[in-house]
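For reference, the structure discussed in these notes is given below.
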Amino acid sequence: MTGSQIKESAAYLQQKLSFAPEIGLVLGSGLGPLANEVENAVRIPYGDIPYFRTSTAPDHAGQFVCGILSGKRVLCMQGRLHGYEGYAPDEIAYPVYVMKQLGVRALVLTNASGGINTGFAVGDFMLITDHINMTGKSPLTGPNDDALGTRFPDMTFAYAPALCTAAREAASVCGVQLHEGVYCGVNGPQFETPAEIRAFRALGADAVGMSTVFEVIAAAHCGLQTAAVAMITNMAAGVLMQPLSGAEVNEIAARRGADFRRLITALVERI
Ligand code: HPA
C-alpha cells in the first residue's frame, strides 16, 4: 500500500462522483440495507477501483454507495473486508486511507458483534468507546509513510469523544437504547470458545467481533475522527450455553435493522 496507489484509487472514485464526500460509513454484516436509503446514489463496485480488494463475506455487497444521507454527502462501504477472508490488515485498512484522501472528515463504522457483557441482550446496540485488538496484528506493520501519519499513532481518542456525544444524542432523539463498551477484535472465522469469552470479559471487553479494529487503527493513523456502533446479534459463546451460528447473526441484523438505520441516520445528521 503506497501513497500513490491511494491517490490513484481516490482519483478513480472522484471522477465517478459529482461531489466531495464528507462522511464515510462502513456497513457491517446484515447492515448493508442502510445504503438503500442514500439519495441520488452512485454505486461503484470495489472490483472496478484500482488496487481495491473486494468483499467475499456473505451479505457484503462489495461496493461504495455514494450520495446524500441526512442531508450529508456520504460515501458508504456496503460491505467491508475481513481478516478471515484472507486479507492482510493493511488491505483491510486501505479504503480508510482512500476515504481520507477524498476529503472525508469523519468515519462511522458499524458491525455485528457477540455480547460479552451479561447486561446486554440480543438485538441491543453498543457504542464502542474503546477496543482491545486481540488479532495480534496491525495494519501499520512495516515501513511507515510519514505523509499518511506518524509512526506511533496515539489511540487514546481513537473513538472520537465528540462523535460519541453525537451518537448518544442520536440515540436519545430516536428513543433507541444505546449501551457503551469495549469491543474486542478477533480474527475468526470460528466463533470464540467459552473460555476465550470468559478471558475477554476478565480483560474488560463488552462485545466481540471479527472487524473494525484495523479500520480504527488506520483512521487514528491518518487523523480521521471515528465513531463505531455495534449491533449485538448474539450473546457470545458460553453466555447462554447454546450453539452460535452465522444465520442467527443475519436474522437478528435483519430484525433490528430498521432501528439501527434510524440510529445511524440520526448520528450522521449530527456530524
Ligand atoms: N463473535 C465474533 N464475531 C461475531 C460474533 C461473535 O459472537 N457475533 C457477530 N460477530
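We count ligands from 1, going down the list as the structure has it; atoms in each ligand are counted the same way.
Of all protein heavy atoms, the one lying nearest to atom 6 (C) of ligand 1 is Phe191 CD2, 3.5 Å. The nearest protein atom to atom 4 (C) of ligand 1, hydrogens excluded, is given as Val208 O, 3.8 Å; this is a heavy-atom distance. With respect to atom 3 (N) of ligand 1, the closest heavy atom belonging to the protein is Gly209 CA, 3.3 Å.
Using a 4.0 Å cut-off between heavy atoms, Ala237 makes no contact with ligand 1 at all. Of the heavy atoms in Asn111, none comes closer than 4.0 Å to ligand 1.
Counting atoms of ligand 1 from 1 in the listed order, those under 4.0 Å from a heavy atom of Gly114 are 5 (C), 6 (C), 7 (O), 8 (N), 9 (C). Taking a cut-off of under 4.0 Å to the non-hydrogen atoms of Asn234, the atoms of ligand 1 that pass are 5 (C), 6 (C), 7 (O), 8 (N), 9 (C). Atom numbering of ligand 1 starts at 1 in the shown order; those under 4.0 Å from a heavy atom of Ala112 are 9 (C), 10 (N). Below 4.0 Å from some heavy atom of Thr233 lie the following atoms of ligand 1, by number and element: 8 (N), 9 (C). Atoms of ligand 1 lying under 4.0 Å from any heavy atom of Glu192, numbered from 1 in the order shown and given with element: 1 (N), 2 (C), 6 (C), 7 (O).
Partner of Tyr183 under the side-chain contact (heavy atoms from CB on, under 4.5 Å) criterion, out of Val213, Asp206, Leu109: Val213 alone.
Note on ring orientation: taking the six-membered ring where Trp is involved, the planes of His131 and Tyr159 are perpendicular (angle over 60°, cut-offs 30° and 60°).
A distance of 10.0 Å separates CZ in Phe125 from CD in Gln177, rounded to the nearest 0.5 Å. Taking CD of Glu251 as the start and OG1 of Thr233 as the end, the distance is 10.5 Å to the nearest 0.5 Å. Atoms CZ and CZ, from Arg105 and Arg73 in turn, are 8.0 Å apart once rounded to the nearest 0.5 Å.
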